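First the structure, in the form of structure tokens, and then the observations on it.
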Protein chains: 2
Amino acid sequence: MSDKRQQLIETALELFYQEGVQSIGINEVLKVSGVAKKTLYHHFTSKEALVLATLETRNQRFSQWLTVQIAPAKNNQELVEHLFQSLKGWFEDRVEVLGEFRGCFFINTAAEFRDSESEISRYCRQHKSDIKQVIRQQMATYADQPDETLLERICLLKEGVITQAYVAQDMSGPEQAIELLKGR
Amino acid sequence: MSDKRQQLIETALELFYQEGVQSIGINEVLKVSGVAKKTLYHHFTSKEALVLATLETRNQRFSQWLTVQIAPAKNNQELVEHLFQSLKGWFEDRVEVLGEFRGCFFINTAAEFRDSESEISRYCRQHKSDIKQVIRQQMATYADQPDETLLERICLLKEGVITQAYVAQDMSGPEQAIELLKGR
DNA sequence: TTATGGGTAGACAGGTCGGTCTACTTGGTC
DNA sequence: GACCAAGTAGACCGACCTGTCTACCCATAA
């Protein structure tokens, strides 16, 4: 992948995540990245293609980060602890690779593109199942049969804590989720 | 309130909720409502003022609907049951007053307006505490001291089930939330 | 040297955006 | 009838949007 292509994606991802895909036009991406318009259209057929590339980059980055965060977990209790404490670190801007917390890029982007059959919405949906798979795979490192019920609950609470942190500016979700899952 | 003002809010709310605030320009609101532009600016100083009016209308509508749905609850277990089954009905388009399900208008709008200090974001935040109060008040009808921990958990799971229903198109959240809260 | 690929600045096009304004109509009240 | 409030159609404005295109440059490989 070329330097310019990467530079465009990085710049666009940062701007889109902070401000919103529809709030940032391609001229702003070009101005901030210092790349020429023709170069942008050399690498991407449209703004949508650029948006999808930012989603893919974010997906890989988030998946990798989470994979590392939960890797030490040797049982379900540790998994829950690692996962939600990691999310808390994200909300509190302690994860540089994920940028200043502005909620979940995928939730936000799905909100901006309401047509659930659009490629962008479908990609956001895919991200959610990708993350579920990341968690399931970690469960599989210490259990023959991952606890599917627990997995469902973790994913449900994950959406809850993220949304609450962003919309309500309430960062207490992770501790609550940990306590709640201890009850089972 | 005048007929035209009400007509503008209703039309804008429907369009904004289905498509997104930034995806619908005022010219589209005018075309669909059949109201003249000068009339719109007679009633609202700006598009933002119209957006805030739609948020208020939605807030009242959702609060009222939820109040009615959970009114029969005589204990925490019933409250949880009524609340989450009501949400499920919403997701499955069984609540006409809330329109075709497109997630939470407040979550979506907060995603479209990323500046958390904007009036719009602050209103979305306010909505979340208003709904929390609706639930707390219902708890107070059958308990001297509402269970604040349960209330927190309900709100957390409420965000989770809504987000998951919208982004992941997974409507199984409410049953999971009910089971999870039974464990406490 | 030539060809190719990647890149530059930025003008241009057609369209939409939010908001302002002209000129006029209608209905109700005094 | 005069006045006021609410309303109409829609032109206009400046700004911004996405995408196309001209004319040109630079580096590398053959």
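First the proteins, then the strands, lettered A, B, ... as listed; each starts at 1. Since this is a predicted model, take the numbers as computed values, not measurements. Below, all heavy atoms of this structure are taken into account, side chains as well, without hydrogens, waters or symmetry copies.
- The closest side-chain heavy-atom distance from B:V29 to B:K47 is not below 4.5 Å.
- Tested against A:R153, the residues A:D147, A:L181, A:L180 include a single side-chain contact (heavy atoms from CB on, under 4.5 Å) partner, A:L181.
- Across the protein-nucleic acid pair, A:E28 atom CD and D:dC17 atom P stand 8 Å apart, rounded to whole Å.
- Using a 4.5 Å heavy-atom cutoff, the side chains of A:S121 and A:D115 are not in contact.
- In this structure, A:E112 places its CD atom 15 Å from C1' of D:dC17, rounding to the nearest Å.
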Apply ring-ring contact (aromatic ring centres under 6.0 Å, His included) to the pair A:F84 and A:W90, showing each step before the final yes or no.
-> CA-CA 10 Å; A:F84 287 101; A:W90 173 33; over 10 Å; no
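- With rounding to whole Å, B:K47 atom NZ is found 8 Å from C:dG19 atom P.
- Residues A:W65 and A:S86 meet the side-chain proximity criterion, which asks for heavy atoms closer than 4.5 Å.
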Would you mind building the protein contact string for nucleotides 7-14 of chain C? One character per nucleotide, 5' to 3', B for base within reach (heavy atoms under 4.0 Å), S for sugar-phosphate only, - for untouched.
-> SB-B----
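- Atom pair B:Y41:OH and C:dT20:P shows a separation of 7 Å (rounding to whole Å applied).
- Taking atom NZ of A:K31 as the reference point, atom C1' of D:dA15 lies 13 Å away to the nearest angstrom.
- Side-chain contact between A:I178 and A:Q85: present, with at least one pair of heavy atoms (C-beta onward) separated by less than 4.5 Å.
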